[in-house]
Amino acid sequence: MFNRILATLLLSVVFSCSARAVQVEVHDPVLTREGDFYYAFSTGPGITIYQSADLVNWRRTGRVFETEPEWARDVAAGFNGHLWAPDIFEKDGRFYLFYSVSAFGKNTSGMGVAVTETLDPDAPDYGWADQGMVLRSVPNRDHWNAIDPAIVQGENGGYWMSFGSFWEGLKLVRLDPSLTRLAQPEEWYSLAKRPGDPHAADSSPGAGAIEAPYIFRKGEWFYLFVSFDFCCRKGDSTYNIRVGRSKSVTGPYVDRDGTPMLAGGGTLVLEGNERWTAVGHNSAYTIDGQDWLVFHAYESADNHLQKLRILPISWDDGWPVVDPADMDRMTTNLIE
């Protein structure tokens, strides 16, 4: 299966150049698989959904919310219909879609979850039921930001949600087995942070540019992927992907040099170059024995629009390695 996927990905660049295929434009992509199809979810109006049989050719199949979550405007009065930074998690045959509502650059934010029995849009039992808000951050009360949720199962079987952006960094909180609320009593951990401005107001994100945590388990290790620096600034974007690891889901996470991620550590996995201004907000998966890094990359030649990239991960002494040249060799095509 891996050889077939890899061959299709390698051939896709030929297809893209010869047929001038339109690439898939996403922010903050995550993946899952059901049956014969892969499904990608991304930031956008109502959370955009794409479907693919080969990880290369994708078609839009709709969105999770046709309007907006009922609670969204209570959290962010200026909510414009765009839901941020989803994660998709399967448990006992059901699919849980976590998402964020926020005001840009503020921690006026909340994270919710919607559930469906299937991802097949043609199935009779398809349909998303919102379960409401799981967690909320409030300016001048919380020095963290309730965005960018990602779900992982810990070494002892419990379920955890990592999240966060700027402020005092990235957090981890335990979920109830229902995956729709926090476990009681609440259990919280700090995962990673970068030095910021100690004089900044509590309502300010500060200068500690770190966000988008994603914990990927491989063997005895949990790998914490994060994004450093800045997204969403066109040619001035500086996003790059970093990683640390721990033998416990709760940490502490350290980088390859032994620097704690709570002290600003993070080993570089992938950064921008002349053709790709910046890369970031990744997720990671094992598919048929091969590990993959999924992320968005800003293409310099196309006004720095964000494109979906799915690249193979190799390993060097227990640390993930991604070939930057694969950003050009492997592309994704939007099929209308």
### Query
Does any non-hydrogen side-chain atom of Leu334 lie less than 4.5 Å from one of Arg60?
yes
### Task
Go through the side-chain N and O atoms of Ser300 and Glu274 and say whether any donor and acceptor fall under 3.5 Å apart.
no
### Task
State whether a side-chain donor-acceptor pair under 3.5 Å links Ser178 with Asp176.
yes
### Query
Do other residues, nucleotides or ligands put more than 12 heavy atoms under 6.0 Å from the CD atom of Glu70?
no
### Query
Any salt bridge between Arg136 and Asp74, counting N to O under 4.0 Å?
no
### Task
Show your reasoning for whether salt bridge (Lys or Arg N to Asp or Glu O under 4.0 Å) applies to Asp288 and Arg33.
CA-CA 11 Å; Asp288 298 323; Arg33 180 168 62 178; 3.4 Å; yes
#### Entry: No-hydrogen, no-angle side-chain donor-acceptor test under 3.5 Å, Asp202 and Asn140
no
### Query
Would the number of heavy atoms belonging to other residues, nucleotides or ligands and lying under 6.0 Å from NZ of Lys218 be above 12?
yes
### Query
In terms of ring plane angle, is the pair Trp128 and Phe41 parallel, tilted or perpendicular, where the classes change at 30° and 60°?
perpendicular
### Task
Side-chain contact test, heavy atoms from C-beta onward, threshold under 4.5 Å: evaluate it for Ile49 versus Pro121 and give yes or no.
no
### Query
Hey, does Ser283 have a side-chain heavy atom less than 4.5 Å from the side chain of Pro29?
no
#### Entry: Under 3.5 Å side-chain donor-acceptor pair for Asp148 and Ser165
no
### Task
Consider only side-chain N and O atoms of Glu168 and Ser190, and report whether a donor and an acceptor are under 3.5 Å apart.
no
### Query
Hey, what do you get for OH (Tyr285) to CZ (Phe216), rounding to the nearest 0.5 Å?
10.0 Å
### Query
Is the closest basic N to carboxylate O distance between Glu155 and Lys247 below 4.0 Å?
no
### Query
In terms of side-chain heavy atoms, does Tyr298 have a donor or acceptor partner in Gln306 at a distance below 3.5 Å?
no
### Query
Quick one: CH2 on Trp167 to CG on Asn145, what's the gap to the nearest 0.5 Å?
4.5 Å
### Query
When you look at CG of Asp36, are more than 12 heavy atoms from neighbouring residues, nucleotides or ligands closer to it than 6.0 Å?
no
### Message
For the residue pair Asp291 / Thr286, report whether a side-chain donor-acceptor contact shorter than 3.5 Å exists.
### Response
yes
### Summary
Rounded to the nearest 0.5 angstrom, the OG1-CD1 distance for Thr250 and Ile215 is 9.0 Å
### Query
With a 4.5 Å heavy-atom cut-off, do Thr332 and Val56 have their side chains touching?
no
### Hydrophobic cluster of Leu182, others only, ordered by chain and residue number, side-chain cut-off 4.5 Å
Phe89, Tyr96, Phe98, Met111, Val113, Val115, Val134, Leu135, Trp144, Ile151, Tyr159, Met161, Phe163, Val173, Leu175, Leu179, Trp188
### Query
How far apart are the C-alpha atoms of Glu66 and Arg63, what are their side-chain angles, what is the distance that settles it, and do they pass the side-chain contact (heavy atoms from CB on, under 4.5 Å) test?
CA-CA 7 Å; Glu66 289 304 317; Arg63 58 191 198 180; 3.8 Å; yes
### Task
Please step through side-chain contact (heavy atoms from CB on, under 4.5 Å) for the pair Ser246 and Met261, ending with a clear verdict.
CA-CA 10 Å; Ser246 172; Met261 295 188 76; over 6 Å; no
## Note on the structure
Distance col, row Asp120:CG vs Asp125:CG, nearest 0.5 angstrom, shows 8.5 Å
### With Tyr189 via ring-ring contact (aromatic ring centres under 6.0 Å, His included) - residues at least two apart
Trp160
### Message
Over 60° means perpendicular and under 30° means parallel, so tell me whether Tyr223 and Phe225 are parallel, tilted or perpendicular.
### Response
tilted
### Message
So Phe295 and Met327, do their side chains get closer than 4.5 Å, heavy atoms only?
### Response
yes
#### Entry: Reported CG-to-CG distance for the pair Asn273 and Asp328, which is rounded to 0.5 angstrom
7.0 Å
### Task
For residues Asp316 and Arg256, determine if any side-chain heavy atom of one lies less than 4.5 Å from a side-chain heavy atom of the other.
yes
### Query
Between Ser109 and Asn107, do the side chains contain an N or O donor and an N or O acceptor separated by less than 3.5 Å?
no
#### Entry: side-chain contact (heavy atoms from CB on, under 4.5 Å) evaluation trace for Val243 with Trp319
CA-CA 9 Å; Val243 73; Trp319 290 93; 4.0 Å; yes
### Message
With side-chain contact (heavy atoms from CB on, under 4.5 Å) as the test, pick out the partner of Val24 among Thr331, Leu308, Ile310, Ile335.
### Response
Leu308
### Task
With the side chain counted from C-beta on, respond yes when Ile241 and Tyr214 share a heavy-atom pair under 4.5 Å apart, and no when they do not.
no
### Task
Decide yes or no for Gln23 and Arg309: does some side-chain heavy atom of the first lie under 4.5 Å from some side-chain heavy atom of the second?
yes
